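Step one of this worksheet: look at the structure below.
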Amino acid sequence: MSFVEYGDTIKDGDTAIVFLGHESMFPVKVQHGTVTQTKYGVIRHSTDLIGKKYGSKVTCSKGGWVFILHPTPELWTMNLPHRTQILYSTDISLITMMLELKPGSIVCESGTGSGSLSHALIRTVAPTGHLYTVEFHQQRAEKAQEEFREHGVEHLVTVTNQDVCKNGFGVSNIADAVFLDIPSPWEAIGHAKSALKAEGGRICSFSPCIEQVQRTCLAMEEYGFTEINTLEILLRVYNVRTISLQIPDLGKAAEDNSSTGFDSSKPSHQGSPCANLQQGTVQFKSGVPLREVVGHTGYLTFATKSLM
């Protein structure tokens, strides 16, 4: 099993996603002799999972059923254990596009955190690219390295435990892109410039506060970065529902002719559609926004290393 290469069957040691519904899923490490409890009953790894195909419908001990899905960076983002605040697919998709990443790209990242963005970056640059990720916190760095090994992507990533603001990324003039998600990104702009390839490259900084953005932009200008711009993504989700609306009672067209100036000697308008319209309801499909909308997450500041 690998997060960047699809495997057909579930094997001992794999990480799989137990899918109970769109709002209910969780990861599980498949191990021979182990059982997993769900609200639909027990899943026995030896008989219910190992050897079965990903996407299979598995019946639990109480008669309910679940689907077993192959892990992807998107599913991992929704189910990973949170060691820090994470980036979600809305921001991740823009980051990978604006940094112009592709298979074979070299990327530097700090900090690693819970590894949400890291998995997406690895999948984007695979199979010939590489991710150099730096994490200040030792336990988080060790846990991230363990997860990369379990997920079959350790050959595509190098994890370093150090302070990027003081010691940089440990590489020079090789990166196509740099991503910063740290409290004081302006202190790491110089190291980011050193890590980027000599002929240019892109940088992105994620910050929740506009004051951080201001200081980062000033540092980018100081180090000669160009095309500096800051974006914020606000996602609004709609649910498709059946709506019932009451048909308005428009009355009869021929009613009260005297008040409208009609000649009573003229033919009646009772045959018109309005005259026979009966009050009732009509149903139709409509998009309804969620009552709770995800608000501000952070600002994304992008810039390009100057060739001068």
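Just so it is clear, the structure is predicted and the values come from calculations on it, not from any experiment.
- Between Arg149 and Glu146, no side-chain nitrogen of the basic residue sits less than 4.0 Å from a carboxylate oxygen of the acidic one, so the salt-bridge criterion is not met.
- For the residue pair Pro73 and Arg123, the shortest heavy atom distance occurs at CD-NH1, 3.6 Å.
- The backbone N or O of Gly190 sits less than 3.5 Å from a side-chain atom of Ser194, completing a donor-acceptor pair.
- To the nearest 0.5 Å, the span separating CG on Asp8 from CE on Met1 amounts to 14.5 Å.
- The closest side-chain donor-acceptor pair between Ser306 and Thr226, if any, does not fall under 3.5 angstrom.
- Phe19 and His22 have perpendicular rings, their planes meeting at more than 60° on a 0 to 90° scale where under 30° would count as parallel.
- Transitive grouping of hydrophobic side chains (ILVMFWY, heavy atoms separated by less than 4.5 Å) keeps Leu87 and Val134 in distinct clusters.
- Judged by distance alone, the side chain of Ser184 and the main-chain N or O of Glu187 form no donor-acceptor pair under 3.5 Å.
- Not less than 6.0 angstrom separates the ring centroid of His45 from the ring centroid of His32.
- Here the CG atom belonging to Asp14 is positioned 11.5 Å from the CD1 atom belonging to Ile17, to the nearest 0.5 angstrom.
- Contact record, Ala177 with Leu101: CB-CD2, 3.7 Å, taken as the closest heavy-atom pair.
- Defined by atom type and a distance below 3.5 Å, a donor-acceptor pair is present between the side-chain atoms of Thr301 and Thr230.
- Pairing each heavy atom of Asn79 with each of Met25, the nearest pair is OD1-O, 2.8 Å.
- Summarising the geometry, atom CE belonging to Met78 is positioned 8.0 Å from atom OG belonging to Ser89; distances are rounded to the nearest 0.5 Å.
- The closest donor-acceptor contact from the side chain of Ser56 to the backbone of Lys53 lies under 3.5 Å.
- Rounding to the nearest 0.5 Å places CD of Glu147 at 7.5 Å from CG of Leu80.
- Looking only at side-chain heavy atoms (C-beta outward), Leu156 and Val125 stay at 4.5 Å or farther from each other.
- Note on Val240: it does not cluster hydrophobically with Tyr238, by side-chain heavy-atom contacts below 4.5 Å among ILVMFWY residues.
- Cluster membership check: Phe169 does not share its hydrophobic cluster with Phe179, using side-chain heavy-atom separations under 4.5 Å among Ile, Leu, Val, Met, Phe, Trp and Tyr.
- For Thr128 against Pro103, the heavy-atom pair with the smallest separation is OG1-C, 4.1 Å.
- Residues Thr77 and Ile92 have side chains in contact (heavy-atom distance under 4.5 Å, counting atoms from C-beta outward).
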- Message: Let's go through Lys285 and Thr242 carefully: what are the C-alpha distance in whole Å and the side-chain angles of both, what is the deciding distance for side chain to side chain donor-acceptor pair (under 3.5 Å) to 0.1 Å, and is it a yes or a no?
- Response: CA-CA 5 Å; Lys285 297 290 185 181; Thr242 300; 2.9 Å; yes

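- At least one donor-acceptor pair under 3.5 Å links the side chain of Thr38 to the backbone N or O of Gly41.
- Atom CD1 in Ile122 sits 8.5 Å away from atom CD in Glu109 (nearest 0.5 Å).
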- For salt bridge (charged side-chain N to carboxylate O under 4.0 Å, His left out), just list the numbers for Arg202 and Asp176, CA-CA rounded to whole Å, side-chain angles, deciding distance to a tenth of an Å, and then say yes or no. CA-CA 7 Å; Arg202 296 278 287 166; Asp176 297 286; over 6 Å; no

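- Atom CD1 of Ile243 and atom CZ of Arg241 lie 7.0 Å apart (nearest 0.5 Å).
- Residues Pro71 and Pro27 fail the side-chain proximity criterion, which asks for heavy atoms closer than 4.5 Å.
- What you find for Pro208 and Tyr299 is that their closest heavy atoms are O-CE1, 3.7 Å.
- Shown are Asp181, Thr96, Val178, Ile95; of these, the side-chain contact (heavy atoms from CB on, under 4.5 Å) with Cys204 is made only by Ile95.
- The main-chain N or O of Arg140 is never found under 3.5 Å from a side-chain atom of Glu135 such that the two would form a donor-acceptor pair.
- For residues 204-223, the set of pairs meeting the side-chain hydrogen bond (donor to acceptor under 3.5 Å, both in side chains) definition, not counting sequence neighbours, is empty.
- The closest side-chain heavy-atom distance from Lys52 to Thr9 is not below 4.5 Å.
- Within the 4.5 Å cutoff, the side chain of Tyr88 has no heavy atoms near those of the Thr297 side chain.
- If you look at Tyr6 and His70, their ring centroids are closer than 6.0 Å.
- Taken together through direct or relayed side-chain contacts under 4.5 Å among Ile, Leu, Val, Met, Phe, Trp and Tyr, Val157 and Phe3 form part of one hydrophobic cluster.
- When side chains are defined from C-beta on, Ile189 counts as touching Leu180, because their heavy atoms get closer than 4.5 Å.
- In this pair, His151 and Trp76 present their aromatic rings perpendicular. The plane angle is above 60°, beyond the 30 to 60° band.
- With hydrogens and angles left out, the side-chain atoms of Ser244 and Gln283 include a donor and acceptor closer than 3.5 Å.
- In this structure, Ser2 contributes its side chain and Val4 its backbone to a donor-acceptor pair below 3.5 Å.
- No side-chain heavy atom of Ile228 sits under 4.5 Å from any side-chain heavy atom of Phe302.
- Applying the side-chain hydrogen bond (donor to acceptor under 3.5 Å, both in side chains) test to every pair with at least one member in residues 156-166, sequence neighbours left out, gives these pairs: His130-Thr158.
- Contact check on Glu227 versus Lys305 returns no salt bridge, with no Lys/Arg side-chain nitrogen under 4.0 Å from an Asp/Glu carboxylate oxygen.
- Linking ILVMFWY side-chain heavy atoms closer than 4.5 Å, directly or via other members, places Val153 and Val159 in a single hydrophobic cluster.
- Atom CD of Glu5 has 12 or fewer heavy atoms from other residues, nucleotides or ligands within 6.0 Å.
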Could you give the side-chain donor-acceptor pairs of residues 58-69 under 3.5 Å, partners two or more places apart or in another chain?
| residue | atom | partner | partner atom | Å |
| --- | --- | --- | --- | --- |
| Ser61 | OG | Val42 | N | 2.7 |

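- Side-chain contact between Phe26 and Leu20: present, with at least one pair of heavy atoms (C-beta onward) separated by less than 4.5 Å.
- When atom types are taken as modelled, the side chain of Arg44 and the backbone of Val35 share no donor-acceptor pair closer than 3.5 angstrom.
- The two atoms that bring Gly7 and Tyr54 nearest to each other are O-CD1, 3.2 Å, heavy atoms only.
- Distance alone, capped at 3.5 Å, places no donor-acceptor pair between the Asn167 side chain and the Val164 backbone.
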